[in-house]
Asker: 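Structure incoming, see below.
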Amino acid sequence: MTCKEIEKIIPSFLNDDLDTDDLREFMDHIVNCEECMEELSIQFLVLEGMARLESGNVFDLQNELKHRMEEAQHILKLREGLQWILYAMEGLVLVEAITLVALLFVLF
């Protein structure tokens, strides 16, 4: 993804609204691009800061953004792990179907 594409999906990231592929590309880009990380920080500070000011809560937004990034990385790893499990299960179903067809040919 380009920096412009990343900047466009920052709000989706902040709303936890990215699918696995977009989240992977976003995380890969954001950790390697200082400008995009700065833009993410600004948008996060504005979005969360305004909400917190309105509610009167005390906050440490820099640490919260760091926590949100770590959480997103964890979620991405979980999603990718679950995807591999799904692939493995689909493979097992395919093997079982082939075995069943082979048994049917042997029996008939």
Side-chain angles (χ1 to χ4, degrees):
M1 285 187 170
T2 66
C3 291
K4 286 195 179 276
E5 292 170 324
I6 292 296
E7 288 178 13
K8 287 180 183 177
I9 66 169
I10 286 174
S12 296
F13 170 77
L14 293 175
N15 291 321
D16 295 324
D17 215 14
L18 294 177
D19 65 28
T20 302
D21 292 334
D22 287 339
L23 181 58
R24 181 183 312 106
E25 288 186 52
F26 180 86
M27 294 300 292
D28 287 345
H29 183 95
I30 208 84
V31 298
N32 295 309
C33 181
E34 231 175 90
E35 292 84 18
C36 289
M37 185 61 195
E38 185 175 331
E39 182 62 29
L40 172 61
S41 296
I42 290 168
Q43 288 191 36
F44 179 77
L45 292 172
V46 169
L47 180 71
E48 289 295 319
M50 294 302 290
R52 301 291 173 81
L53 286 173
E54 289 176 3
S55 66
N57 291 335
V58 178
F59 49 90
D60 180 0
L61 293 178
Q62 287 295 338
N63 281 332
E64 288 184 35
L65 178 57
K66 181 181 174 188
H67 176 71
R68 171 109 29 125
M69 295 293 293
E70 290 168 353
E71 186 177 279
Q73 193 68 38
H74 178 71
I75 288 169
L76 180 59
K77 286 180 182 179
L78 284 174
R79 286 183 185 177
E80 290 175 337
L82 290 173
Q83 187 66 46
W84 282 110
I85 290 171
L86 180 61
Y87 292 149
M89 293 190 74
E90 288 174 349
L92 289 173
V93 168
L94 182 61
V95 168
E96 289 179 22
I98 291 170
T99 303
L100 181 61
V101 169
L103 284 172
L104 288 173
F105 277 122
V106 169
L107 293 174
F108 295 106

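When reading the values below, keep in mind they use all heavy atoms of this one structure, side chains included, and skip hydrogens, waters and symmetry mates. Numbers here are sequence positions counted from 1.
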Asker: Quick one: closest heavy-atom pair of I30 and M69, and the distance?
Answerer: CG2-CE, 3.2 Å
Asker: Which atom pair, heavy atoms only, marks the closest approach of E7 to Q43?
Answerer: O-NE2, 3.9 Å
Asker: Locate the shortest heavy-atom distance separating T2 from H29; write the atom from each residue and the value.
Answerer: C-CE1, 4.2 Å
Asker: With rounding to the nearest 0.5 angstrom, report the CD to CD distance, E48 to E64.
Answerer: 6.5 Å
Asker: Got a second to check how far I9's CD1 is from D22's CG, nearest 0.5 Å?
Answerer: 5.5 Å
Asker: Calculate, to the nearest 0.5 Å, the distance between atoms CG and CD1 belonging to L40 and I6 respectively.
Answerer: 10.0 Å
Asker: Can you tell me which residue among V101, L100, L94 is in a side chain to side chain contact (heavy atoms under 4.5 Å, CB included) with I98?
Answerer: L94
Asker: With rounding to the nearest 0.5 Å, note down the distance linking NE2 in H74 to CD in E70.
Answerer: 11.5 Å
Asker: Could you give the distance from NZ (K8) to CE (M1), rounded to the nearest 0.5 Å?
Answerer: 11.0 Å
Asker: Are V31 and L18 joined in one hydrophobic group, where the rule is that I, L, V, M, F, W and Y side chains link up if heavy atoms are under 4.5 Å apart?
Answerer: yes
Asker: Got a sec, which residues hit ring pair (Phe, Tyr, Trp, His ring centres under 6.0 Å) with F105, two or more places apart in sequence or on another chain?
Answerer: none
Asker: What residues form a ring pair (Phe, Tyr, Trp, His ring centres under 6.0 Å) with F44, not counting sequence neighbours?
Answerer: none
Asker: Write down the atom of C36, the atom of I10, and the distance for their closest heavy-atom approach.
Answerer: O-CD1, 4.2 Å
Asker: Please list all pairs passing the side chain to side chain donor-acceptor pair (under 3.5 Å) test where one or both residues lie in residues 87-108, with sequence neighbours left out.
Answerer: Q83-Y87
Asker: Kindly give the heavy-atom pair with the smallest separation between R79 and L23, and that separation in Å.
Answerer: NH1-CD2, 3.9 Å
Asker: Do E71 and I75 have side chains that approach each other closer than 4.5 Å (heavy atoms only, starting at C-beta)?
Answerer: yes
Asker: May I ask you to test the D28-E25 pair for a side-chain heavy-atom distance under 4.5 Å?
Answerer: no
Asker: Nearest 0.5 Å, what's the CD1-CG distance between I42 and L47?
Answerer: 13.5 Å
